[in-house]
Amino acid sequence: MSLKATAKAPANLAFVKYWGKKDVDLRLPTNNSISVNLSNATTITTVEFDTTTKDDQLFVDSKILESGSEFSSRVFHHIDRMRNMAGIMQKAIVHTHNTFPTGVGIASSASGFAALTVATSSALGLTLSEKDLSEMARLGSGSACRSIPNGFCEWIASDAKNHSYAIQIAPPEHWDICIVTVVVSKQIKQLSSTSGHSLAVASPFFKTRLESLPKRLDTVRSAILNRDFKTFGRETELEAISFHSIAMTSPIQTDHGWMSGAYYWLPDSLELMLAVQQWRSDGLEVYFTLDAGPSVHLICINNDLDQVINAVEEIEGRSRKDRKWDIMVNKPAQGAYIITDQAYD
Ligand code: PMV
């Protein structure tokens with residue numbers, strides 16, 4: 001019997017961010033978070049268990065990764081969790097491919113670990129519920145738990161039984177919003193989100209942020225359910241700045257020296273953020289959010305999509321004719337699922 005499966009999973013964009021962990025090893029967050037799955041930022045992963053292979057192998061874009069690398073160790077540690085559950089100790093051959101750039105503020109670890117979880121559990125014949133898959137994906141990468149259910153999701157930091165997983169708030173077709181992701185730079189971010197989570201508590205503003213989040217979560221959740229775009233957009237933009245304020249005020253000691261905080265955005269990101277404020281005052285209803293990277297995610301309703309893209313392209317060439325940003329349009333999407341036509345043999 002072939003123990004093999006392929007899964008596809010979306011990255012997700014948080015409207016209320018996960019930033020800070022209560023338990024580092026279990027990736028338990030300090031707060032609930034709310035996100036949507038992105039239709040055009042996906043990972044496809046094939047996992048095959050093989051009796052003839054002596055070592056686990058990981059291929060990224062068909063190139064084998066060194067076995068001791070940090071990323072491959074994290075991947076195989078995650079597979080071990082499911083191998084132990086299934087009682088199957090065969091070595092794994094993993095092929096994975098992203099449809100978007102990594103390390104630039106689009107959650108590649110979310111799509112990556114969601115696809116890995118769904119493909120591995122299926123290849124091993126485990127029958128896990130959506131909640132179990134979400135909890136399992138969380139152990140690989142926190143925000144990956146939100147890439148399991150379909151559409152708009154909320155990650156419950158801890159339920160009555162101390163479980164932590166994501167649930168659906170609304171299906172993808174609930175609301176016709178667009179997320180125009182502008183990749184202003186492919187330069188890798190200065191601090192990983194894993195390190196950022198640990199440092200967050202050192203910010204003098206972290207406690208205030210945590211206190212403000214229950215109300216914000218209610219506001220964003222209701223705005224999604226009521227399709228109240230203005231409230232949703234304003235709260236989402238305020239939240240992005242709240243999260244970045246924490247990152248910018250959490251001091252970091254690295255091998256290269258001391259930094260007073262992490263600046264995930266770049267001058268181009270800021271130029272776009274300021275442009276969004278101008279577009280709004282000109283009557284175009286668009287809001288921004290940024291994750292732990294320089295990419296700016298512009299949120300608008302479908303009817304305004306062309307206008308938003310035109311506005312971005314106009315800014316792109318304004319200060320430097322040769323400037324080239326990647327623009328990716330995303331719609332709310334379904335969560336991780338098994339695909340039958342194998343991407344890799
Ligand atoms: O799951 P991680 O460790 O990559 O953390 C994600 C952190 C943010 O993208 C900044 C916020 C979020 O909730 O996705």
Side-chain angles (χ1 to χ4, degrees), residues 9-38 41 43 70-71 74-75 78 98 100 102-117 134-149 152-157 164-166 169 179 181 188-201 203 206 209-210 213 216-217 220-221 235-237 239-248 250 261-265 269 288-297 299 330 335-336:
N12 64 70
L13 174 67
F15 304 126
V16 179
K17 312 288 186 190
Y18 148 51
W19 200 244
K21 286 181 203 166
K22 259 193 321 228
D23 185 311
V24 172
D25 295 336
L26 293 177
R27 294 183 200 275
L28 291 174
T30 43
N31 58 274
N32 283 22
S33 50
I34 293 180
S35 62
V36 72
N37 291 326
L38 301 175
T43 300
E70 200 185 320
F71 183 59
R74 191 167 160 192
V75 164
H78 192 57
N98 287 344
F100 59 100
T102 54
V104 295
I106 309 170
S108 56
S109 63
S111 54
F113 278 91
L116 182 69
T117 302
S134 179
E135 284 209 88
M136 181 57 79
R138 186 203 82 227
L139 293 170
S141 172
S143 55
C145 73
R146 295 187 313 234
S147 291
I148 300 289
F152 297 82
C153 301
E154 179 159 356
W155 175 3
I156 312 298
S164 181
Y165 51 89
I169 301 178
I179 293 113
T181 298
I188 300 293
K189 57 193 171 197
Q190 56 174 193
L191 183 76
S192 72
S193 51
T194 301
S195 308
H197 287 293
S198 314
L199 295 166
V201 68
S203 164
F206 187 64
R209 168 172 162 75
L210 281 191
L213 280 176
R216 171 155 292 155
L217 285 156
V220 171
R221 193 186 312 108
E235 208 61 28
T236 296
E237 196 169 301
E239 164 63 5
I241 299 304
S242 161
F243 147 59
H244 281 275
S245 307
I246 300 299
M248 290 189 296
S250 310
Y263 289 74
Y264 286 114
W265 52 41
S269 325
F288 67 75
T289 184
L290 294 93
D291 277 343
S295 299
V296 183
H297 304 272
I299 308 165
N330 287 288

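In this chain, residues are counted from 1 in sequence order. Counting starts at 1 for both ligands and their atoms, in listed order. Hydrogens, waters and symmetry mates are skipped; everything else that's a heavy atom, side chains included, is used.
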Minimal heavy-atom distance between Ser147 and Ala114, with the atoms involved, is CB-CB, 3.6 Å
Nearest non-hydrogen protein atom to atom 7 (C) of ligand 1, with distance, is Tyr18 O, 3.6 Å
For this session: Using distance alone, determine whether Asn12 and ligand 1 share an N or O pair under 3.5 Å.
Result: no
Among non-hydrogen protein atoms, atom 10 (C) of ligand 1 lies closest to Phe243 CZ, 3.5 Å
Here the pair of heavy atoms bringing Pro149 nearest to Ala166 is CG-O, 3.5 Å
Value for CD1 (Ile246) from CG (Leu199), rounded to nearest 0.5 Å, stands at 12.0 Å
Note: Ser33, heavy atoms under 4.0 Å from ligand 1, region reported as neither
Quick note on ligand 1: atoms under 4.0 Å from a heavy atom of Ala14 include exactly 12 (C), 13 (O), 14 (O)
| task | May I ask whether Trp155 places a heavy atom under 4.0 Å from ligand 1? | result | no
Rounded to the nearest 0.5 Å, the NZ atom of Lys22 sits from the CG atom of Asn31 at a distance of 9.0 Å
request  = For ligand 1, find out whether one of its N or O atoms is nearer than 3.5 Å to an N or O atom of Thr194.
outcome  = no
*asked:* Parallel, tilted or perpendicular, judged at 30° and 60°: which one describes the rings of Tyr264 and His244?
replied: perpendicular
A student checking ligand 1 against Ser141 at a 4.0 Å heavy-atom cut-off should list atoms 1 (O)
The answer for which part of His197 has a heavy atom under 4.0 Å from ligand 1 is side chain
In short, Ala110 meets Ser141 closest at the heavy-atom pair N-OG, 4.3 Å
Notebook entry, point to check: Purely on distance, is any nitrogen or oxygen of Trp19 under 3.5 Å from one on ligand 1?
Noted result: no
Proximity flag Ser109 to ligand 1, non-hydrogen atoms under 4.0 Å
yes
Check the orientation of Tyr18 and Trp155. Use parallel for under 30°, tilted for 30 to 60°, and perpendicular for over 60°.
perpendicular
A student comparing Gly112, Ser143, Ala107 should find that the heavy atom closest to atom 1 (O) of ligand 1 comes from Ser143
_For Ser242 and Lys17, which I'm curious about, is there any donor-acceptor pair between the side chains at under 3.5 Å?_
no
For Thr289 and Ala240 the tightest heavy-atom approach is OG1-CB, 3.4 Å
Close approach of Arg27 to ligand 1, heavy atoms, under 4.0 angstrom
no
Closest to atom 14 (O) of ligand 1 by heavy-atom distance, out of Arg138, Lys17, Lys21, Arg146, is Arg146
Of all protein heavy atoms, the one nearest atom 9 (O) of ligand 1 is Asp291 CG, 3.4 Å
- request: Would you check whether Ser193 has a nitrogen or oxygen atom less than 3.5 angstrom from a nitrogen or oxygen atom of ligand 1?
  value: yes
Closest non-hydrogen atoms of Ile299 and Ile179, given as atom of the first, atom of the second and distance, are CG1-CG1, 4.4 Å
